[in-house]
Number of protein chains: 4
Amino acid sequence: MIKIGIVGGTGYTGVELLRLLANHPKAKVTTITSRAEEGVPVAQLFPNLRGHYDLAFSAPDPDVLGECDLVFFATPHGVAQAMMPDLMSRGTRVVDLSADFRIKDAEVWAQWYGKPHGCPQLIAQAVYGLPEANRHLIADADLVACPGCYPTATQLGFIPLLENNLVHPERLIANAASGTSGAGRQASIDNLLSETADSFKAYAANGHRHLPEIEQGLRAALPKGAGQIGLTFVPHLLPMVRGIHATLYATLRGNAGDLQALYEERYANEPFVDVLPAGSHPQTRSVKSSNMCRIAICRPQQRDTVVVMSVIDNLTKGASGQAIQNMNIMFGYDETLGLNSPALLP
Amino acid sequence: MIKIGIVGGTGYTGVELLRLLANHPKAKVTTITSRAEEGVPVAQLFPNLRGHYDLAFSAPDPDVLGECDLVFFATPHGVAQAMMPDLMSRGTRVVDLSADFRIKDAEVWAQWYGKPHGCPQLIAQAVYGLPEANRHLIADADLVACPGCYPTATQLGFIPLLENNLVHPERLIANAASGTSGAGRQASIDNLLSETADSFKAYAANGHRHLPEIEQGLRAALPKGAGQIGLTFVPHLLPMVRGIHATLYATLRGNAGDLQALYEERYANEPFVDVLPAGSHPQTRSVKSSNMCRIAICRPQQRDTVVVMSVIDNLTKGASGQAIQNMNIMFGYDETLGLNSPALLP
Amino acid sequence: MIKIGIVGGTGYTGVELLRLLANHPKAKVTTITSRAEEGVPVAQLFPNLRGHYDLAFSAPDPDVLGECDLVFFATPHGVAQAMMPDLMSRGTRVVDLSADFRIKDAEVWAQWYGKPHGCPQLIAQAVYGLPEANRHLIADADLVACPGCYPTATQLGFIPLLENNLVHPERLIANAASGTSGAGRQASIDNLLSETADSFKAYAANGHRHLPEIEQGLRAALPKGAGQIGLTFVPHLLPMVRGIHATLYATLRGNAGDLQALYEERYANEPFVDVLPAGSHPQTRSVKSSNMCRIAICRPQQRDTVVVMSVIDNLTKGASGQAIQNMNIMFGYDETLGLNSPALLP
Amino acid sequence: MIKIGIVGGTGYTGVELLRLLANHPKAKVTTITSRAEEGVPVAQLFPNLRGHYDLAFSAPDPDVLGECDLVFFATPHGVAQAMMPDLMSRGTRVVDLSADFRIKDAEVWAQWYGKPHGCPQLIAQAVYGLPEANRHLIADADLVACPGCYPTATQLGFIPLLENNLVHPERLIANAASGTSGAGRQASIDNLLSETADSFKAYAANGHRHLPEIEQGLRAALPKGAGQIGLTFVPHLLPMVRGIHATLYATLRGNAGDLQALYEERYANEPFVDVLPAGSHPQTRSVKSSNMCRIAICRPQQRDTVVVMSVIDNLTKGASGQAIQNMNIMFGYDETLGLNSPALLP
């Protein structure tokens, strides 16, 4: 039984970690921090956890965190960068759910997040925690940067096309939509039910922070010399709580062969990527509360534009579930431990 | 490992049984029937089950069902009555999720369901499967009639008041609201999203089929000689999928004492009834996907009307979860087996 | 064409006033105030108004407001009390949508709103703006206190029973539910879509601020000597934007006669109260965006508990529509002017 | 006052026509047909219309329809084709909201709708009723084919780019999403709230019936010799009732100039197309219940992919509102008559 700490547990990725870890057979949450809610029982803030946790939020204490085998950061950007050097020096392994260590170029990070990177010296050793791309590196990593929600759905959808150099990489389009839980648990007018229900809109069309992360991941999948990645990424806000749907468009270079077979083979051994039969349309509810990514591909009118549809639960495979998948890999457990429940439907 | 059959598995209680049983350590679904979907894999109809079940729907076969240790009926009214004599004669135990054996008086059943009872000879041996009231009888039962969703939320809310004869039983009010999944998975105009979203209404105010079931259960809780049960029950339809909220009103007979303590004591040992702290308001989402019932009580302005709020997930504690809870009791397992996951929040 | 001012126009009652007044043939909004949004065009904050208004928000200026024929207050509690003496002294008539002048007893106001009443000297001349009860007084009033949303739905539902002394007034129950727009347009965690969608709960069961307002109104309807009003009022929060549904319960004193006819007669000449045929269940969507209140009554199992169901749009008949109805009466216009559009369905 | 008939009034476009025409100063609905609901008052089927219409549904009668100045068809595909010759011979003008006369090539129609066109001889004289493209033709038309919902949003978004030959026409992408009311008011499992709420999915990615209609419209906008139209169109289903959002992608040919100015000029005199300021993201709720189309354009990272976002209410500008706009043009009325109300927000 490994000891788990969670830094910044009052948001949706925090409560999702707690939900998924409640019955994990090999991991036990021993500390969870929040300055704002210090002393408040987690089950008071999140009534679904009544009867599952006796823990209360505490102020972050380096000594306490240092005794954990693994610490999850479920914090706003910048917090992990500040605390990481001390924590790493104590030998504690970390899965960071924030964007702090996802971008390999500190200047790009600074440009998109609006401040200098606070811990550039640890960027190099951070492993990008997309198991379907980096499983071997994750196993030995001490610091895993857990991918963002849009990046997870988008990369898993594009990877087979790019790895096989089947499409023009400089003209990719990702039209994605997310439930409101992706905006986090913080007071705002824009995310009131009264403002977002019964409505749909794009946002950040001119540039969302996940763009450089996605492009970096797509670049990694592309064979050397195959060209430049150019992605147009437009996120949208759905009037619902959980789920991401990415509709991906790419232009085929030539005869693409059997794309359905290509995807099925690429993900044949992946426990959390499910390629649907030809002609399918994945629904976000088919993955709600689960760590699964479901994917379908098609080629409308047999023209040269291929369409890939990819769905995940943004809080599970898009955040806390993937974080636990990374933990399982890091500690040599069965990768699916604690992540085996079917999605909630209806 | 007991062998489980499900009769009528294409509805929401069917898929909920499959979801909850997917990882049950002591039970395995070996057959699931549907005449309409014969031959169709369950994972095709319910994509959340992809990777969890290889089963396909089959036509009901008495010999196959007779080999099961337990059969769940998740069927429209009347089906279980027709199949029960044969099945019981084979020694198979049954948990019936339909209303077929809930009402003890065959004439009352006939009056509310519009046709004669099809199997009156088995009514007497059917045990009403509300564990918080009938746990000992359930353990030995061969035929358990699993309570309806509204009846579960309402009875659990009223029982402590009635058992202690604290309120006038002839003037009870249950104002309840349910998500649309309570209406089942069948084609209709009335339950389209376009008809039910962004709206709220009462229905069946002049008499809902759950009324006689609830009154029968409340009568059982009332001490002899304490008066007649008279319930006004008005159900409402919520613009959401899962959840029941019952707001119950009763008039206190006199000094009621500490109601909070009364409820906490009554349910202290119940794994699936959670009495919230004084001043709380239970949310349906705090029990979504879980088998928990959460209850709060208050006495506004210290007047003689007591208000009880009770929430369940209509598909879990209100149907399939409670059915599995009954199964666990019938087979001597830990009552919470397979039912331990925290609710999904947000 | 009368000149209209709106104080505090950045909330939902503000935008609803603007929507309804956009095409009113006799009234034109000439000023709208907001300190926080001073200088911002109203059509920037509320994109549905693009092309309909050139106005920008301005800081409140007594001279400008004093030139208006009518000023609507769409402000938080306390603001109208502070500005009213000056404004009234200028001869401007006022419809106050806040709770500042609804309660006739300043001490009761202070008790429920947590501070002393700021303008007790004007309470007496304020007319409670429920046209179905006070039409004649409204016509001549200079200061109209527009009823709250729950109070409107609840009073219209109970009035015929109370006026005719048909029920025990000390045991009334109002189980009501509102869309989230009733909570206003302000940053909060509790009203995020992620917190309120797919869920339902009661709130303020121990005492909501609308309770004394409703009881005062019910008292006014009851014949002298008919007893004391005692109301248990439990509001609930619906996962949708607009609409209030009140389910009202009362115990009949004896033979009540034909309740359906009673309601139809009471409201026969009311343009904004629609008594549905016997057996109906009003849906909130049947009044969405309209000033209509629809009501149905029934008597389940012919017992002595009568059930009244009453629906309004909380922002229209429950606030801004009723405010305009009051304006129409005050200025001698056809009461339905600008309020004639059918509800939006679906 | 012109006399209006509606054929097939029990669906959502029917009730939307009735809502919008209730207060139209120049048009009065004198007959509305439905075989299934013959004799039922429209206000019984659609309670929002209580007090606005005394009409009942009647079986279609050629003589009665022939006395109308204008007949709207709000029918399933094929009905208008069958009734049109008789009706046209009586001199009645028609606005057909179905797809029966939208496609100019009868064989293409047959291919996508799965049966031979039932009235090919009238196709040529049918005018495609997109006022922003065909206003002059509409004015004199006897038969107007009112555009589909997706085609309206998509064409209005692409037209300025195509008319000016700024993009590669053979690589257009329309990623669109619609509320469930687009699926109509008919019993189905797929469109139950329990199946569609809290979820999002694409559908008909391999080919939706609106594809040939959109491509035909885009072709008409493109200068001769500018190339072939090739559109990838992927519709999605939103968990909400009303609204369409089209996110359009095109590859610029070269220096595109000031796209914002281009759009503003193109639509400067259009009463129902609103080009938002640069940097905006139109929300579907900003047009809910209104006939407006709101559009924003951007060019992310100044690359050569231009993104256009276009929103309409599928039942208003996407169907019944546009039908009335066409009617206003055909009869020489102010084009905005009866269509002037601001959208409903929140």
Side-chain angles (χ1 to χ4, degrees), chain A residues 11-12 15-16 18-23 41-53 179-182 184-185 197-198 239-242 271-277 280-290 292 294 296 311 313-316 336 338 340-346, chain B residues 11-12 15-16 18-23 41-53 179-182 184-185 197-198 239-242 271-277 280-290 292 294 296 311 313-316 336 338 340-346:
Chain A
Y12 293 138
V15 63
E16 183 74 348
L18 292 169
R19 180 180 75 85
L20 293 166
L21 291 169
N23 294 314
V42 297
Q44 179 176 321
L45 203 65
F46 300 121
N48 63 323
L49 300 178
R50 285 176 60 89
H52 293 279
Y53 284 95
T180 57
S181 59
R185 185 178 165 275
D198 302 321
M240 59 186 224
V241 180
R242 281 173 178 249
F272 294 119
V273 182
D274 175 28
V275 178
L276 300 181
S280 299
H281 299 89
Q283 313 172 9
T284 60
R285 67 176 187 144
S286 75
V287 297
K288 186 159 54 182
S289 80
S290 94
M292 195 66 64
R294 297 196 205 274
V311 299
D313 185 322
N314 55 301
L315 295 180
T316 320
T336 67
N340 256 328
S341 298
L344 185 66
L345 181 156
Chain B
Y12 293 139
V15 64
E16 182 75 348
L18 291 170
R19 181 181 74 86
L20 292 167
L21 290 170
N23 294 314
V42 298
Q44 179 177 320
L45 202 65
F46 300 121
N48 62 322
L49 300 179
R50 284 175 61 89
H52 294 280
Y53 284 94
T180 57
S181 59
R185 185 178 165 276
D198 302 322
M240 59 186 223
V241 181
R242 281 173 179 250
F272 293 118
V273 182
D274 175 27
V275 179
L276 299 181
S280 298
H281 300 89
Q283 312 171 9
T284 61
R285 68 176 186 145
S286 75
V287 297
K288 186 159 54 183
S289 79
S290 94
M292 196 65 65
R294 298 197 204 274
V311 298
D313 184 321
N314 55 303
L315 295 181
T316 320
T336 68
N340 256 328
S341 297
L344 186 67
L345 180 157

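In what follows, chains carry the letters A, B, and so on, assigned in the order in which the sequence lines appear, proteins first and then strands, with residues in each chain numbered from 1. Keep in mind that the numbers below use all heavy atoms, side chains included, and drop hydrogens, waters and symmetry copies.
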A.B. asks: Checking A:Arg185 now: which residues fulfil side chain to side chain donor-acceptor pair (under 3.5 Å) with it, not counting sequence neighbours?
C.D. replies: none

A.B. asks: Please determine, among A:Ser341, A:Gly51, A:Ala22, the option with the most heavy-atom pairs under 4.5 Å with chain B.
C.D. replies: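 Of A:Ser341, A:Gly51, A:Ala22, A:Ser341 has the most heavy-atom pairs under 4.5 Å with chain B.
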
A.B. asks: Does any N or O in the side chain of A:Arg294 come within less than 3.5 Å of the main-chain N or O of B:Pro47, such that one atom is a donor and the other an acceptor?
C.D. replies: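 Side chain of A:Arg294 to backbone of B:Pro47: a pair is present.
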
A.B. asks: Quick check for you: among A:Val15, A:Asp198, A:Leu20, A:Leu18, which has the greatest number of heavy-atom pairs under 4.5 Å with chain B?
C.D. replies: A:Asp198

A.B. asks: For A:Arg50 and B:Leu276, work out which heavy atoms get closest and say how close.
C.D. replies: NE-CD2, 3.3 Å

A.B. asks: Need one label for B:Ser289: side chain, backbone, both or neither, based on atoms under 4.5 Å from any heavy atom in chain A.
C.D. replies: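 Looking at B:Ser289, backbone and side chain both touch chain A.
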
A.B. asks: In terms of heavy-atom proximity below 4.5 Å to chain A, should B:Ser280 be classed as side chain, backbone, both, or neither?
C.D. replies: neither

A.B. asks: Do you know which of B:Asn23, B:Val241, B:Leu315 has the most heavy-atom pairs with chain A at a distance under 4.5 angstrom?
C.D. replies: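 Looking at each of B:Asn23, B:Val241, B:Leu315 in turn, B:Asn23 comes out on top.
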
A.B. asks: Answer yes or no: is there a donor N or O on one side and an acceptor on the other, between the side chain of B:Arg19 and the main chain of A:Leu344, under 3.5 Å?
C.D. replies: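 Looks like no, no N/O pair under 3.5 Å.
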
A.B. asks: Indicate the atoms forming the closest heavy-atom contact of B:Asn48 with A:Pro342, along with that distance.
C.D. replies: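 Minimum heavy-atom separation between B:Asn48 and A:Pro342: O-CB, 3.8 Å.
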
A.B. asks: At a 4.5 Å cut-off on heavy atoms, which part of B:Asn340 comes close to chain A: side chain, backbone, both, or neither?
C.D. replies: both

A.B. asks: Output all residues satisfying side-chain contact (heavy atoms from CB on, under 4.5 Å) with B:Thr180, sequence neighbours left out; order by chain, then residue number.
C.D. replies: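 Result, side-chain contact (heavy atoms from CB on, under 4.5 Å) vs B:Thr180: B:Thr196, B:Leu237, D:Leu193, D:Ser194.
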
